[in-house]
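Scope of the values below: all heavy atoms of this structure, side chains included, with no hydrogens, waters or symmetry mates. Order of appearance sets the numbers: ligands from 1, and atoms from 1 within every ligand.
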Amino acid sequence: MKIAMFSTKGYDRTFFDAVNEEAGHEIKYFESRLTPETSSLVEGFEAVCAFVNDQVDREVLETLSERGVELVALRSAGFNHVDLQAAQSLGITVARVPAYSPHAVAEHTLALILGLNRQTHRAYNRVRERNFALDGLLGFDLHGKTVGIIGTGQIGTVFAGLMSGFGCELLASDPYPNEECRELGVEFVDRGELFERSHIISLHCPLTPETHHMIDDVAIERMKKGVMIVNTSRGAIIDTRAVIEGLKSEKIGHLGLDVYEEEADLFFEDLSDRVIQDDIFARLLTFPNVLITGHQGFFTREALTNIAETTLANVTAYETGDGTLHRLDPEEVKA
Ligand code: NAI
């Protein structure tokens, strides 16, 4: 099939070209994001491949449909940026990569926790300046601390296993408690109790209307003083203004983010010679106890290989109708 792939970087080309040697599709790589302005580029393509910050709303889907696109193959697990109802009504099939190395994101979450706790990013800069003083770098033992996991799907479960290895007490909240987590010693509790008891809270649920701004001022109020919050899931699960207030009042002791609610205008680009226009993000950058990475949780060799393989397998499955397509059905998603 002819695939128009948006928001592509050199690394996407490397991994997709390697997998496509066998899959044999015709891929055109566009660097630009998929937006109403760029959606008309899809003339002559049957499939569009989109990433996390591409706009796949009704307006864009209508243009894709008019231009003859039949399939939107997401090269991500999250699909909160897609209007599935609109796609269904326009007869466009949407597929995703339901699982690709949950280890990649779970391990990156751990990197944020360890980095924040032991301040390795600050220590690195100090040592380069031959400042070997330790003041301000005091951490805590992870052993014996309570870690609250919101969302125990594939990533949350791998993360639970990692934290169990550190000797942490594990709590979780998920509408569908998971047996593998229970076997690891995870105690399923309601979200409020998790907020009250956890020293570290890590988010691994999808962004939905129910989880939007789940971490707001009311939630933060219930948390322990000095709590560490880590979000490697989707930015808008956190109300950023509320966490800024929580950081200023020192209720929040550490914040680790791999995602940000307005990341579409920032992440994946080199903006080092530009002025940041987003004052909320700029404020986040001023805190010494905030560690931000630019949506790199998925960025391992293994995950990129899995993503390319599953995305192209989805396109092939759509073409052949062999029943292996990872299709997103709005009705199933709602259920
Ligand atoms: P998954 O679908 O395996 O697990 C999600 C879990 O969240 C499920 O168990 C579900 O029952 C639970 N959940 C749904 N609503 C909830 C709620 N209101 N409260 C608590 N739990 C709830 O998804 P997976 O693969 O573990 O990914 C989780 C999220 O991680 C994705 O939705 C995506 O947003 C994010 N992600 C981030 C990446 C990154 O690079 N930073 C890469 C891949 C995924």
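A salt bridge links Arg67 with Glu43: at least one charged nitrogen is closer than 4.0 Å to a carboxylate oxygen. The pair Arg222-Glu193 does not meet the salt-bridge criterion, since no charged nitrogen lies less than 4.0 angstrom from a carboxylate oxygen.
The aromatic rings of Tyr11 and Phe299 stand perpendicular to each other, their planes meeting at an angle above 60°, with 30° marking the opposite boundary.
Atom OG of residue Ser198 and atom CE of residue Met228 lie 12.5 Å apart, to the nearest 0.5 angstrom.
Listed by chain and number, Tyr100, Val105, Ile150, Gly151, Thr152, Gly153, Gln154, Ile155, Ser173, Asp174, Pro175, Tyr176, Arg191, His204, Cys205, Pro206, Glu210, Thr211, Thr232, Ser233, Arg234, Asp258, His295, Gly297, Phe298 each place a non-hydrogen atom less than 4.0 angstrom from ligand 1.
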Practice problem: Show your working on salt bridge (Lys or Arg N to Asp or Glu O under 4.0 Å) between Arg197 and Glu169 and close with a plain yes or no. | Solution: CA-CA 10 Å; Arg197 289 174 56 195; Glu169 188 188 336; 3.0 Å; yes
Distance-only criterion, 3.5 Å: show the donor-acceptor pairs between side-chain atoms of residues 213-220 and protein atoms not counting sequence neighbours.
from	atom 1	to	atom 2	distance (Å)
His213	NE2	Glu261	OE1	2.8
Asp216	OD1	Val218	N	3.3
Asp216	OD1	Ala219	N	2.9

